> 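So that we are looking at the same thing, I have put the structure below in C-alpha cells.
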2 protein chains.
Amino acid sequence: MKNMQNRLDEILAKLRERHCRITPQRVAILKIFLGSSDHPSVEQVYAQVKVNFPTTSLATVYKTVHLLKEIGEILEIGCVGGGNRYDGNKPYPHPHLICTGCKSIIDPDVHLLAQLTAELAKTSGYRIVSHQLDFFGICPACQKR
Amino acid sequence: MKNMQNRLDEILAKLRERHCRITPQRVAILKIFLGSSDHPSVEQVYAQVKVNFPTTSLATVYKTVHLLKEIGEILEIGCVGGGNRYDGNKPYPHPHLICTGCKSIIDPDVHLLAQLTAELAKTSGYRIVSHQLDFFGICPACQKR
DNA sequence: ATACATGCAAAACATTTGCATAAGA
DNA sequence: TCTTATGCAAATGTTTTGCATGTAT
C-alpha cells in the first residue's frame, strides 16, 4: 500500500492547486476510496468514514464524491440497481463484470476492447471520448447456490 | 409501419397468454414504444400517451413499463443522466453510440462484441446474461461546429 | 480574517406501493 | 361476476441544496 500514499499525496496536491481545503473528512473519504477494491457505494463510504469521524454527514460524503468525480480521481459506475458505485483506483473507463446475485463487481481484462473502439471510431466517423461497458451475470460462487 | 402492427399483435397475444388485460392505456403505451426510434423516457411516454388518453396516470406508465420489461419486450437503457430510457424496437442488449453534443443515440454494429462476450464468459467462469455497452463521443456533424 | 467546508434539515427527483374505484374477461 | 388495472396520494430511496456554524488557510 505504498502506492496508495503516493496517489493520496498527488490528489491532495491537486486539491491544493484548486484552492480546495484539505479537511480530515476529505482525507478520510479519499483513503477509503483508495483502499477499497470493491467499488463502494456512497452509503458504504459513509458507514466507513463514520468509524473514525462519527459526526460526518451523508451530505459531505456526496459533496466530496462530486468533487473527486469533477477532478477525475474517482469513476462513477452507472446505476447498478439503486445507487451508484465508485472506483477510486482506476478512475478511467474500463469494463465491469457485475454479479446480479451478490452484487460484487470485478474488473475483467478485455483486451479486444481497444481494437473494437478504434474500429468503431473509424467506421462511424465519431470522435469517441468515453465509454461504459458492463457485463451482468452470475459469478461462480452464486451459481452453486 | 406494417411490422409494427405485427409486433403489436404478437405482444398483445403474449399478454393474453399471461392473463394480463388489454386496456386502452396499455395499447397506447405499447404503440408509443414501438413507434419511437429515439429511446424515450418514462416522462416522454407519459406526455405522449396523455395526448389521446388525458386521464392516464404516471403510475400506470411505470407499471406498464415494468410489465413490458418483465416480458422482455422493451429494453431498459441504464441511467444516462437522470432517468432511464427505453428501447421498444430492439428489446435485447446492444451497443449505443451517444453524441454528447446533440444527444442523439444510434445503434452501431459492433461485430466483435459476441466474440468478446464469449471469451469473457470462458475466462471468468461467470454465466453472463446481459450487458450494457455505451460509447460517448462527438458525431461528424457536431465536430464541424 | 476570510473564504470555504461541514452538518443539518428540507427539497428535489425518479420510482414504487397501497387502496378504493373502474373496467376487461 | 370476478379478477385485474387504473388513478390518486403517500411512501421510498437516492442525491442535491440552502443556510447557519465551524474551521483550514
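Please read all numbers here as calculations on a predicted model, not as lab measurements. Residue numbers begin at 1 in each chain, while the letters A, B, ... track the order of the sequences.
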> Whole-Å distance between D/dT14 P and A/Leu58 CG?
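One finds 10 Å between P of D/dT14 and CG of A/Leu58, rounded.
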> Think B/Thr60 has a side-chain N or O under 4.0 angstrom from the OP1 or OP2 of D/dG7?
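Answer yes for this pair, as a side-chain N or O of B/Thr60 is under 4.0 Å from OP1 or OP2.
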> What is the separation between atom OH on A/Tyr46 and atom C1' on D/dT15, rounded to the nearest whole Å?
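Rounded to the whole Å, the gap is 14 Å.
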> Quick check: are there more than 12 heavy atoms from other residues, nucleotides or ligands sitting under 6.0 Å from NZ of B/Lys69?
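Counting neighbours around NZ of B/Lys69, more than 12 heavy atoms of other residues, nucleotides or ligands fall under 6.0 Å, so yes.
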> Take atom CZ of A/Arg85 and atom P of D/dT15, then tell me their distance rounded to the nearest Å.
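Answer to the nearest Å: 12 Å.
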> Whole-Å distance between C/dA14 C1' and B/Glu76 CD?
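My rounded result for the distance is 11 Å.
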> When the ring planes of A/His131 and B/Phe135 are compared, do they come out parallel, tilted or perpendicular, using 30° and 60° as the limits?
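Tilted.
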> Please check if any side-chain donor atom of A/Gln132 sits under 3.5 Å from a side-chain acceptor atom of A/Asp134, or the reverse.
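Side-chain D/A pair, A/Gln132 to A/Asp134: present.
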> Using heavy atoms and a sub-4.0 Å distance, could you list which residues of residues 61-73 of chain B are near DNA chain D? By number, please.
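Contacting residues: B/Lys63.
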> For B/Lys50 versus B/Thr56, what's the shortest heavy-atom pair and its separation?
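Shortest heavy-atom contact: CD-O, 3.9 Å.
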> Treating B/Ser57 as the side-chain partner and B/Thr60 as the backbone partner, does any N or O pair qualify as donor plus acceptor under 3.5 Å?
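Answer holds: yes.
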> Ignoring backbone atoms, test whether B/Gln25 places a side-chain nitrogen or oxygen under 4.0 Å from the OP1 or OP2 oxygen of C/dA23.
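No.
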> NA contact type, B/Glu43, heavy-atom cut-off 4.0 Å: base, sugar-phosphate, or nothing?
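It contacts nothing in the nucleic acid.
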> For a side-chain contact (heavy atoms from CB on, under 4.5 Å) with A/Asp87, tell me which candidate from A/Ile74, A/Asp38, A/Asp107 qualifies.
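Among A/Ile74, A/Asp38, A/Asp107, the one that satisfies the side-chain contact (heavy atoms from CB on, under 4.5 Å) with A/Asp87 is A/Asp107.
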> Using side chain to side chain contact (heavy atoms under 4.5 Å, CB included), reason through A/Glu119 and B/Leu112 one step at a time and then give a plain yes or no.
CA-CA 10 Å; A/Glu119 209 166 286; B/Leu112 275 170; 4.1 Å; yes
> At a cut-off of 3.5 Å, list every protein nitrogen or oxygen paired with a nitrogen or oxygen from nucleotides 23-25 of chain D, distance to 0.1 Å.
from   : atom 1 : to      : atom 2 : distance (Å)
D/dT25 : OP1    : A/Ile22 : N      : 3.2

> Just the rounded figure in Å: distance from C1' of D/dT3 to CZ of B/Arg18.
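From B/Arg18 CZ to D/dT3 C1': 18 Å.
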> Could you tell me the separation between the CZ atom of A/Phe53 and the C1' atom of D/dG22, rounded to a whole number of Å?
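Atom CZ in A/Phe53 sits about 15 Å away from atom C1' in D/dG22.
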> Charged N to carboxylate O under 4.0 angstrom, A/Glu76 versus A/Arg85?
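No salt bridge links A/Glu76 with A/Arg85.
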> Measure NZ/A/Lys50 against P/C/dT6 and give the value in whole Å, please.
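In whole Å, C/dT6 P and A/Lys50 NZ are 16 Å from each other.
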> May I ask you to verify if any side-chain N or O of A/Asn84 is less than 4.0 angstrom from the OP1 or OP2 atom of D/dT14?
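Looking at the OP1 and OP2 atoms of D/dT14, neither is under 4.0 Å from any side-chain N or O of A/Asn84.
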> Roughly, in whole Å, what's the span from CD1 in B/Ile29 to C1' in D/dA5?
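Atom-to-atom, B/Ile29 to D/dA5, this comes out as 11 Å.
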> Are B/Thr55 and D/dG7 close enough that a side-chain N or O sits under 4.0 Å from OP1 or OP2?
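Checking B/Thr55 against D/dG7: at least one side-chain N or O falls below 4.0 Å of OP1 or OP2.
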> Pick the nucleotide of DNA chain C nearest each of A/His19 and B/Ala59; which residue has the one closer to the 5' end?
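Counting from the 5' end, the first nearest nucleotide belongs to A/His19.
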> Is it the case that the side chain of A/Arg26 and the backbone of A/Arg21 share a donor-acceptor pair, with hydrogens and angles ignored and the cut-off at 3.5 Å?
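It does hold such a pair.
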